[in-house]
Amino acid sequence: MHSPPNYRVLLGPSLLGLFLVIAFAGLMIPGLRNPAPHDMPLGVSGPAPVVERLGKQLEAGAPGAFDVTAYANENEARAALRDQEILGAIVIGPQGAPGLITASAAGDAPTRAATAAYERLTEQLGTPPRVQDIAPLPEHDSRGVSAVLLCVALSVGGLLFQVGLSLAAGGERVSARRLASVAYAVVAGLVGALLAGPVTGALSGHFAELLGIAVLLSLAVVGVVAACQAVLRALGIVVGALLVLPLGVSSSGGVVDPHFQPAFYSAVSEYLPMGSTVSLLRRVFYFDGNAVGGPLLTLALWAGVAWLVTLVVERFRPFRPVVVVVPASALPGTAAATESRTAAEPRTA
């Protein structure tokens, strides 16, 4: 006689799946469906009266699209572009003709927006275009998506690992589970760095930096999900998944620059693990390691704080999984039932 189904067990996976559908669709579709520039940082250098007039022309041509910063000379504008303080720069030459400096490695959308605004300006002035790309994308990463794809892979892996660990090893000692988490993060980071670097050549060079960033992101993702589980129990899986995947991917800047998304995405992008990692990888590989301190500190804080919260909470309130996965052979009566069926089977000569 079969026992009635336990609908509470069936309800949990269903709600988790539906939540992920709602989270991905609700966050990624609004954030990526209609990219348009708003307050995109753009530098302008030259004589003050010309810069002021140029800023008014840019605002009139595309209201609200650019946040213009004035620089005393071209060298200052170039330095700001390399430090990713701006995403393009219009420089006024000695003869008054404007030129454009771009960095396509910072993203396709900002380069296109700056180029379109510059071309409108040269048409009005009747001057020939003069464009220079100081950080072009390499041939082995011509779309500039390798960084975000690596981050997605490490984030998905870290999330699934932590969920699986809580199910399959929830009853193990805290020290054993933490050791397994650190070991996983190191191995996953190494595998990801090898695949993105030497194996495919997508992110070539700087392997030591790539390895360190990949391991740190893995530690952060596993730590965030573990911390959410420690504080919120079963609900923590949902909250952790939201932070590291749909919200992280949609605001990372790897698909669409945050300045081309609704204001919420640009506000949170640089403060989330994936957004800071994408920025960090781009600065290491395409901008000579300039201005890496901010995103590196953000990523390190996520990893450090998440693990600290996990250890402190579990010290006073040990983790107890709602559901535990165990081998069928470990269930009471399983061995006896198996032996009974084996004995009942007819033997062949």
Side-chain angles (χ1 to χ4, degrees), residues 5-24 26-27 151 154-189 214-249 251 268 271-277 297-332:
N6 186 348
Y7 291 106
R8 291 182 62 186
V9 174
L10 301 177
L11 183 62
S14 300
L15 292 177
L16 177 59
L18 288 174
F19 167 79
L20 290 177
V21 171
I22 295 171
F24 270 94
L27 285 170
C151 292
L154 293 172
S155 297
V156 171
L159 172 63
L160 293 179
F161 166 81
Q162 183 57 35
V163 172
L165 182 71
S166 65
L167 294 176
E172 297 292 332
R173 291 178 301 174
V174 173
S175 58
R177 286 189 283 113
R178 294 289 78 83
L179 180 61
S181 298
V182 173
Y184 167 81
V186 173
V187 173
V215 170
L216 190 56
L217 176 61
S218 291
L219 284 170
V221 170
V222 174
V224 166
V225 180
C228 290
Q229 282 184 301
V231 175
L232 302 174
R233 301 302 193 190
L235 182 61
I237 298 176
V238 175
V239 176
L242 174 67
L243 286 173
V244 302
L245 277 181
L247 183 57
V249 173
S251 65
V268 303
Y271 301 110
L272 292 176
M274 190 174 294
S276 59
T277 306
L297 178 61
T298 300
L299 185 58
L301 283 175
W302 271 103
V305 172
W307 281 97
L308 180 62
V309 168
T310 304
L311 294 175
V312 170
V313 172
E314 289 198 355
R315 182 176 178 85
F316 297 99
R317 191 177 65 173
F319 176 71
R320 293 290 183 270
V322 177
V323 178
V324 178
V325 177
V326 297
S329 59
L331 295 175

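Because the structure is a prediction, the values reported are computed rather than measured.
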Colleague: Identify the two heavy atoms, one from Trp302 and one from Ala220, that lie closest to each other, and give their separation to 0.1 Å.
Modeller: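 Answer, listing the atom of Trp302 first, then Ala220: CB-CB, 4.3 Å.
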Colleague: Closest approach of Cys228 and Leu243, non-hydrogen atoms and distance?
Modeller: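 Nearest pair, atom of Cys228 first, then Leu243: SG-CD1, 4.4 Å.
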Colleague: Could you check whether any side-chain heavy atom of Val221 comes within less than 4.5 Å of a side-chain heavy atom of Leu217, counting everything from C-beta outward?
Modeller: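 Counting from C-beta outward, Val221 and Leu217 do come under 4.5 Å.
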Colleague: Nearest 0.5 angstrom please: Met274 CE to Leu154 CG, how far?
Modeller: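 Going from CE on Met274 over to CG on Leu154, the span is 8.5 Å.
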Colleague: Taking all non-hydrogen atoms of both residues into account, name the closest pair between Ala241 and Pro246 and its distance.
Modeller: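 Minimum heavy-atom separation between Ala241 and Pro246: O-CD, 3.2 Å.
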Colleague: Looking at Ala23 and Leu242, what are the two nearest heavy atoms and their distance?
Modeller: CB-CD1, 4.1 Å
Colleague: Would a distance-only check, ignoring hydrogens and angles, find a side-chain to backbone donor-acceptor pair under 3.5 Å from Tyr184 to Gln162?
Modeller: no
Colleague: Tell me the closest heavy-atom pair linking Ser251 and Leu272, and the distance in Å.
Modeller: OG-CD1, 3.5 Å
Colleague: Okay, side chain of Trp307, backbone of Leu219: is any donor-acceptor separation there less than 3.5 Å?
Modeller: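 Confirmed, Trp307 side chain pairs with Leu219 backbone.
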Colleague: Out of Val249, Val244, Leu245, which residue meets the side chain to side chain contact (heavy atoms under 4.5 Å, CB included) rule with Val156?
Modeller: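 When Val249, Val244, Leu245 are each tested with Val156, the side chain to side chain contact (heavy atoms under 4.5 Å, CB included) holds only for Leu245.
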Colleague: Minimum heavy-atom separation for Val309 and Ala227, please, with both atom names.
Modeller: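 Nearest heavy atoms, Val309 then Ala227: CG1-CB, 4.1 Å.
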Colleague: Residues in side chain to side chain contact (heavy atoms under 4.5 Å, CB included) with Ser276, at least two apart?
Modeller: Pro295, Thr298, Leu299
Colleague: For the backbone of Ser166 and the side chain of Arg177, can you confirm whether one donor and one acceptor N or O come within less than 3.5 Å of each other?
Modeller: no
